[in-house]
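Contents: one structure, followed by commentary.
Counting starts at 1 for both ligands and their atoms, in listed order.
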Amino acid sequence: MRPSVLVTRATFPDIADRLREHFEVTANAADTVWTPAELIAQLQGKQGVMSTGSERIDAALLDACPALKAVCNVGVGYNNVDVAACTARGVLVTNTPDVLTETTADFGFALMLATARRITESERFVRRGEWQKTGIYDQMVGNDVHGATLGILGMGRIGQAIARRAALGFDMQVIYHNRSPLAPEAEARVHARYVDKATLLKEADHLILVLPYSPAAHHAIGAAELAQMKPTATLTNIARGGIVDDEALAQALRQGTIAAAGLDVFEGEPRIHPDLLTVPNVVLTPHIGSASVSTRRAMAALTVDNLIAALGRGPRAGQPPTPVNPQVLQQ
Ligand code: DGY
């Protein structure tokens, strides 16, 4: 009998067809976000799941779905999955690194530019019909990105791709902080200099967050950190909600502690802290860092490759390309 898999959100039809060559597939045609109870009900008897950040895969769910053997997550981040609980139960977890690096770096840069140069605020101003009040020196003036100091918190693949853009394309000085510094050759390749977190906060004209979420990273940027930044600085978060204390940030934006923020991710998204909706100097986007057609296709295709191999099918049976907990494969 062919294994059964669940696809939790709508995906590209031709990519879903590849799954049908190997599995009995149940797909969420309505593309709604299932409640935990609905997800558990849908997962009964399924050996694999193609999941997204919308679903929480935790110990309670795993215990309620004993047939589950592979959780193949669409996304490089997998903080929606309790990996330790999966590993303890012999459930393989996979993610989609690499295929989204450059697209997400493009987006981070775009969001930083939009934030520093007040692009969405300017657009709202034009749409409100307020452009008649021209002021050459004070109307929608922002802060330069070229030649400025970029601070990067987190220096994985996406951080390095942003650093290259900044140094080579925008003549920026790039400083970064990470759990550990890059090797000297890697640092030289991306033209970046390691500093401690306090220096990063103090010296960055534009600070961008690209670190993975972990309990240790919860509210890594809160009131105390924002107070250390320049009043002209911007903050861009393309990492994960919960890394920034959204309430403290809204207050800092209102009080002019920093100049502006660009946020693609939010604690508790898709809900957004109401204070962020009422401050003008913030650019808000709905978690679209990797959302180009070709990259979203590549992420879905890699997830399907992982699922097929994880459940012992296809040419790479038993060797999924991007496992998160490869030790499960040895068990
Ligand atoms: C990722 O790949 O982690 C993106 O944030 C999409 O979830």
Side-chain angles (χ1 to χ4, degrees), residues 6-12 15 28 31-34 39 49-58 70-83 86 92-112 152-162 178-179 208-218 220-221 235-244 246 261-272 283-307 320-325:
L6 180 69
V7 180
T8 62
R9 301 295 302 270
T11 188
F12 300 93
I15 289 175
N28 181 357
D31 200 21
T32 48
V33 178
W34 282 321
L39 182 60
V49 60
M50 179 168 172
S51 55
T52 71
S54 317
E55 296 85 40
R56 176 104 198 106
I57 310 287
D58 57 14
V71 173
C72 297
N73 212 44
V74 187
V76 66
Y78 46 83
N79 57 305
N80 59 309
V81 180
D82 183 338
V83 177
C86 286
L92 184 77
V93 180
T94 68
N95 68 339
T96 62
D98 298 320
V99 292
L100 48 66
T101 300
E102 300 299 329
T103 295
T104 308
D106 283 353
F107 181 81
F109 225 88
L111 189 55
M112 177 175 67
I152 303 180
L153 186 57
M155 199 50 147
R157 302 172 185 87
I158 297 170
Q160 293 175 48
I162 290 172
N178 200 29
R179 265 177 313 184
I208 187 160
L209 310 181
V210 276
L211 66 164
Y213 181 84
S214 68
H218 188 74
I221 301 293
L235 171 72
T236 300
N237 186 9
I238 58 165
R240 274 293 181 270
I243 293 175
V244 173
D246 290 340
L263 305 174
D264 187 46
V265 288
F266 306 87
E267 193 166 2
E269 63 187 47
R271 279 178 288 111
I272 295 188
V283 182
L284 306 169
T285 53
H287 201 147
I288 54 169
S290 59
S292 74
V293 176
S294 63
T295 291
R296 285 284 160 95
R297 281 191 66 84
M299 292 164 72
L302 178 54
T303 308
V304 165
D305 289 345
N306 275 315
L307 196 44
T322 51
V324 170
N325 54 352

- Task: Could you check atom 2 (O) of ligand 1 against the protein and tell me its nearest heavy-atom contact, residue, atom and distance included?
- Result: V76 N, 2.7 Å
- Item | Residues T8 and N28: side-chain donor-acceptor under 3.5 angstrom | no
- At under 4.0 Å between heavy atoms, what of T96 touches ligand 1? The answer is neither
- Item | Contact summary for I15 and A301, nearest pair of heavy atoms | CD1-N, 4.0 Å
- Task: Mark up the atoms of ligand 1 that fall under 4.0 Å of a heavy atom belonging to L100, in ascending order.
- Result: 2 (O)
- Task: Considering the heavy atoms of G77, write down every atom of ligand 1 situated less than 4.0 Å from one of them.
- Result: 1 (C), 2 (O), 3 (O)
- Item | Closest protein heavy atom to atom 6 (C) of ligand 1, given as residue, atom name and distance to 0.1 Å | H287 NE2, 3.7 Å
- Distance from T322 atom OG1 to N73 atom CG, nearest 0.5 Å? 10.5 Å
- Where do C72 and T303 come nearest, in terms of heavy atoms and distance? O-CG2, 3.4 Å
- Taking the side chain as every heavy atom from C-beta outward, state whether V324 and V81 have any atom pair closer than 4.5 Å. no
- Message: Does any N or O of ligand 1 fall below 3.5 Å from an N or O anywhere on R240, backbone included?
- Response: yes
